[in-house]
Student: 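First the structure, then my questions, so here it is.
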Amino acid sequence: MATERYNPRASEPKWQKAWDQARLFETKNDDPREKYYVLEMFPYPSGRIHMGHVRNYAMGDVVARYRRARGYNVLHPMGWDAFGMPAENAAMQNKVHPKDWTYKNIDTMRGQLKSMGLSLDWSREFATCDVDYYHRQQMLFLDFLAKGLVTRKSSKVNWDPVDMTVLANEQVIDGRGWRSGAEVEQRELTQWFFKITDFAQDLSDALDGLGEWPDKVKLMQRNWIGRSEGLLIRWPLDVASAPGGETELEVYTTRPDTIFGASFMAIAADHPLAKKAAETNPALAAFCHEVRHGGTSAAEIETAEKKGFDTGIRVVHPFDPSWTLPVYVANFVLMDYGTGAIFGCPSGDQRDLDFANKYGLPVVPVVMPEDGDAATFQITEEAYVDDGVMINSRFLNGKTPKAAFEEVASLLAAKSIGNRPMGEKKVNFRLRDWGISRQRYWGCPIPVIHCADCGVVPVPKADLPVKLPDDVEFDRPGNPLDRHPTWRHVACPQCGRSDARRETDTMDTFVDSSWYFARFTAPWEDDPTDPKAANAWLPVDQYIGGIEHAILHLLYSRFFTRAMRATGHLDIVEPFKGLFTQGMVVHETYKGPDGWVQPAEVRIEEADGRRRAALISDGTPVEIGSIEKMSKSKKNVVDPDDIIASYGADTARWFMLSDSPPERDVIWTEAGVEGAHRFVQRVWRLVSEAAPALSGAAPKAATEGPAADISKIAHKTLKAVGEEIGRLGFNKAVARLYELTNALQAPLADIAAGKADAATVSAARQAVEFLVVMLAPMMPHLAEECWAEVGCAGLAAEQPWPQFDPALVVDSEIVLPVQINGKKRGDLTIARDADQAAVEKAALALDFVQKALEGKAPRKVIIVPQRIVNVVA
RNA sequence: GCGGGCGUGGCGGAACUGGUAGACGCAAGGGACUUAAAAUCCCUCGGCCUCUGGCUAUGCGGGUUCGAUCCCCGCCGCCCGCACCA
């Protein structure tokens with residue numbers, strides 16, 4: 001009895017409409033059920049969705065639909081990370097307004113996402129470029145400013161010469177702009193900063209509490225924050241050699257224990273002392289200039305020689321007035337870490353050793369391995385950085401470095417220089433404040449006004465929003481707001497002076513994405529959040545996105561949550577309780593005579609076990625290249641629209657969830673998609689052919705007879721799939737569903753042929769219902785079609801997850817593998833509840849065991865209950 | 001350089017974190033149905049051998065254990081993050 005093939009093109013829009021009309025996915029804040037907030041990182045509206053989006057949103061949707069079936073009140077919203085450079089680039093290239101370009105893209109992509117059948121609450125949708133959204137972001141900025149969490153300071157910034165804007169440290173990758181790829185320059189500019197460093201300690205400490213985050217991400221953040229414990233040491237300057245007025249040099253060190261191994265001081269070229277000394281020393285000034293303009297790219301740093309210049313200044317050793325050390329300006333000392341000055345201990349630091357060897361400075365070993373000999377231990381080419389015991393260090397000799405650290409810290413704390421202690425314990429962080437000023441148009445305006453009399457004046461909240469002007473030109477590089485004829489000219493809100501001017505910098509787009517998850521909890525509010533709603537919904541229970549945001553977005557969001565808490569917008573500590581970083585979608589590359597070729601243009605053939613590729617158009621052979629992330633440059637992209645049009649959304653979703661573990665990359669292959677599509681058709685065929693017989697039967701589990709096999713695997717699968725989805729093991733859940741489908745194949749064929757008894761039909765009806773409900777999170781449209789076909793009421797999407805019967809998931813008889821000397825020799829079938837003695841007796845009675853023992857008693861019998869029997873002969 | 005991770009069939013990957021290695025899928029081969037093809041269904045599928053049995057096998061070499069893909073030591077290879085951070 002053949003049924004028609006399942007037709008996703010007709011089916012999918014039909015069910016999407018049915019869900020819409022039933023308003024199944026609109027979430028109410030006053031729903032009394034337990035909440036569950038699942039969120040996928042919202043997309044940048046670049047134009048069209050790509051396969052990475054499909055994977056990301058398919059995973060999130062499985063979680064959302066599963067949790068809904070489990071009885072949670074699920075929040076699953078969607079929005080658009082809509083400010084940023086590409087809109088301005090499009091404006092420059094195509095003469096489109098960034099706003100038009102962005103909203104047009106959003107419309108396209110919304111339609112694409114809808115065609116995926118995602119269970120999203122579209123009623124909460126917003127784009128970060130909506131005035132409604134950035135208005136509230138400006139309110140947050142003003143609150144942060146009032147709370148002292150925002151500063152404006154002149155600083156060296158990373159300048160991207162292509163995008164003509166400033167980048168945060170986090171946005172510089174290998175010395176290049178994260179977006180433009182251009183080599184970054186250092187410039188001195190006055191910029192707005194969020195004081196993320198105020199929370200450095202907490203941001204680092206609180207990582208320990210994020211139990212549902214990948215260790216890798218936590219480690220990356222911990223390293224990025226870079227907490228270190230050390231000592232500030234103020235070295236007295238030798239009066240005779242010091243420039244006028246200078247009396248001390250402050251250094252930061254994590255190794256004060258090595259203070260007797262010190263042989264020089266090194267300061268940054270920008271250090272005040274260096275600048276002062278350079279005033280009277282042209283050679284030194286030239287050296288500083290050279291260092292400042294040296295390359296900053298990764299390659300240059302790696303190969304750069306350690307270079308120094310003796311300033312002629314000398315410092316006095318804190319523990320020996322007769323001991324003076326030279327002060328060098330060195331190219332490897334950074335002004336913006338610690339104090340911009342170090343003491344060099346060549347024996348304990350490779351860089352210091354290289355420097356000392358180059359300039360003929362003393363190398364005194366001060367730590368040696370515990371089993372070393374102090375009389376002969378020497379350092380020549382390789383510094384000793386491990387733990388050990390102190391030597392050549394006067395009163396510290398024999399101590400551990402740790403004890404020596406404490407000793408030096410307390411002795412120097414007691415000495416004083418000027419009015420301060422000579423030594424002071426200090427915790428240092430690598431983390432810098434977050435520079436948010438961008439010299440761009442398409443971003444959230446920073447709501448302040450500059451007045452010649454009043455200085456920086458915040459825009460009064462009543463005057464918000466500071467709206468972006470629509471009439472802007474993109475005919476030149478740089479910031480169109482700067483050259484707008486009227487927008488920037490305003491009266492000072494404080495004194496009324498008419499010639500005040502607006503801040504023309506806009507905020508880094510990472511600001512926009514740092515709180516959108518909170519806005520989703522009450523996007524209709526006049527204030528940035530409704531604290532009640534935010535506190536009820538947050539933290540996000542499951543956040544899903546790419547590993548590339550491990551530092552930037554996730555760290556900024558954690559900062560924002562703290563800042564919003566400090567300003568009363570919410571009262572939670574961490575924004576994301578569970579974090580999952582999914583892998584990329586990768587694809588083979590193809591290279592033809594004229595460069596990269598798209599997969600859609602290529603036909604793959606297999607001959608003699610070798611795969612060959614050729615152009616479909618004219619058969620020209622094409623080289624099969626490496627498997628890489630889908631990218632426009634390599635042309636190895638597959639358009640989700642094409643896949644959905646030819647196979648349907650369910651096939652695309654199912655393939656994305658199959659095979660590869662979600663955290664790893666998935667290789668998109670035509671064969672794989674076809675396999676997924678075969679499964680869609682197979683489920684439909686099995687269910688629809690048996691449907692007439694099933695629809696009249698009541699679902700009922702069977703506990704005995706052949707029908708019991710059906711019920712057992714159905715209940716076992718139900719248990720396993722629930723557990724796997726719960727831990728995001730989608731590929732394993734898929735495997736279990738294949739198993740169940742395989743097991744149902746023969747019984748359903750019998751039922752369709754009218755060759756089954758009533759108990760079998762009832763058991764099968766239940767098993768099919770289970771199957772459909774389990775498939776529903778992954779292939780929601782197919783599930784609806786099957787659900788209706790077997791005559792079930794309501795929508796599959798609103799069915800509760802069934803309970804498995806514990807009695808059916810355990811077998812009364814089990815098969816135990818029996819090993820002899822650790823090698824499997826056979827099986828033992830025995831009652832599940834048989835005790836140890838019974839198992840041993842039965843095992844020893846087995847033929848192959850008897851044979852192996854040759855009549856002798858076993859030396860030992862190991863029985864692991866429910867697991868294995870091992871007979872040691 | 002520092003930090004972290006990973007190596008299992010032709011391929012993607014399973015294996016309850018010490019207990020039957022290779023679930024499930026893809027690819028391949030054989031067969032059935034068909035005038036034929038597609039679709040579908042059935043069978044085989046790590047390697048080797050003296051093949052209703054046995055040996056061997058989870059990057060390589062050791063170790064611990066009744067038993068190791070899993071734990072320990074030493075190599076080899078690949079991937080990722082940070083990068084002159086004192």
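Computed from a predicted model, the values in this text were never measured in an experiment.
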Student: Keeping the roles fixed (side chain from A:Y384, backbone from A:D387), state whether a donor-acceptor pair exists under 3.5 Å.
Tutor: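 At least one qualifying donor-acceptor pair exists.
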Student: Can a side chain N or O of A:K823 be found less than 4.0 Å away from OP1 or OP2 on B:C55?
Tutor: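 So the side-chain polar atoms of A:K823 never come under 4.0 Å of the phosphate oxygens OP1 or OP2 of B:C55.
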Student: Reckon A:R222 touches a base, only the sugar-phosphate, or nothing at all at heavy-atom distances under 4.0 Å?
Tutor: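 If one applies the 4.0 Å heavy-atom cut-off, A:R222 turns out to touch nothing in the nucleic acid.
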Student: Checking contacts here: which listed nucleotide (B:U40, B:G12, B:C82) is nearest the side-chain heavy atoms of A:R685?
Tutor: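 Of all the options, the side chain of A:R685 is nearest to B:U40.
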Student: Could you check whether the side chain of A:R867 and the base of B:C16 have a donor-acceptor pair of N or O atoms closer than 3.5 Å, going by distance alone?
Tutor: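 Check passes, donor-acceptor contact within cut-off.
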Student: Could you tell me the Watson-Crick or G-U partner of B:C71, where both distances fall under 3.5 Å? Say none if there is no partner.
Tutor: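 Answer to the pairing question: B:G63, which forms a Watson-Crick or G-U pair with B:C71.
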Student: Return whichever of A:D665 or A:A341 has its heavy-atom-nearest nucleotide of RNA chain B closer to the 5' end.
Tutor: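 Between the two, 5'-proximity favours A:D665.
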Student: What nucleic acid atoms does A:R682 come within less than 4.0 Å of, heavy atoms only: base, sugar-phosphate, or nothing?
Tutor: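 Since only primed, P, OP1 and OP2 atoms lie under 4.0 Å of A:R682, the category is sugar-phosphate.
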Student: Would you tell me if any nitrogen or oxygen in the side chain of A:R727 comes within less than 4.0 Å of OP1 or OP2 on B:C16?
Tutor: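 Indeed not, no polar side-chain atom of A:R727 lies that close.
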Student: Return no unless some side-chain N or O of A:Q350 is found under 4.0 Å from OP1 or OP2 of B:G1.
Tutor: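 No, outside the criterion.
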Student: Test for a donor-acceptor pair under 3.5 Å between the base of B:C24 and the side chain of A:K732, counting only N and O atoms.
Tutor: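 Check fails, no donor-acceptor contact within cut-off.
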Student: Decide if the gap between the ring center of A:F580 and the ring center of A:W213 is smaller than 6.0 angstrom.
Tutor: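 That pair fails the under 6.0 Å test.
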Student: In terms of the nearest nucleotide of RNA chain B, which residue is placed more toward the 5' end: A:E724 or A:V872?
Tutor: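 Its nucleotide being nearer the 5' end, the pick is A:E724.
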Student: With ring centroids as reference points, do A:F309 and A:Y328 lie under 6.0 angstrom apart?
Tutor: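 They do not qualify: ring centres at least 6.0 Å apart.
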Student: Phosphate oxygens OP1/OP2 of B:A27: is one of them under 4.0 Å from a side-chain N or O of A:R678?
Tutor: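 Indeed, a polar side-chain atom of A:R678 lies that close.
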Student: Just to be sure I understand the rule, does A:T254 reach a base, reach only the sugar-phosphate, or reach nothing, if contact means heavy atoms closer than 4.0 Å?
Tutor: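 The answer is sugar-phosphate, as A:T254 gets under 4.0 Å only of primed atoms, P, OP1 or OP2.
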Student: Angle class for the A:H317/A:F260 ring planes (parallel below 30°, perpendicular above 60°, tilted otherwise)?
Tutor: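 Taking A:F260 first and then A:H317, their aromatic rings lie parallel (interplane angle under 30°).
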Student: Under 4.0 Å, counting only non-hydrogen atoms across every strand here, what does A:Y738 touch: a base, just sugar-phosphate, or nothing?
Tutor: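 Result for A:Y738 = sugar-phosphate.
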Student: Describe the nucleic acid contact of A:D349 in one word from base, sugar-phosphate, nothing, applying a heavy-atom distance below 4.0 Å.
Tutor: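 If one applies the 4.0 Å heavy-atom cut-off, A:D349 turns out to touch nothing in the nucleic acid.
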Student: Tell me what A:V333 touches on the nucleic acid: a base, only sugar-phosphate, or nothing, going by heavy atoms under 4.0 Å.
Tutor: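 It contacts base atoms.
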Student: Which part of the nucleic acid, if any, lies within reach of A:N731 when heavy atoms closer than 4.0 Å are counted: base, sugar-phosphate only, or nothing?
Tutor: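 Sugar-phosphate only.
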Student: So, is B:G9 syn or anti if syn means the angle is within 90° of 0?
Tutor: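 Base orientation: syn.
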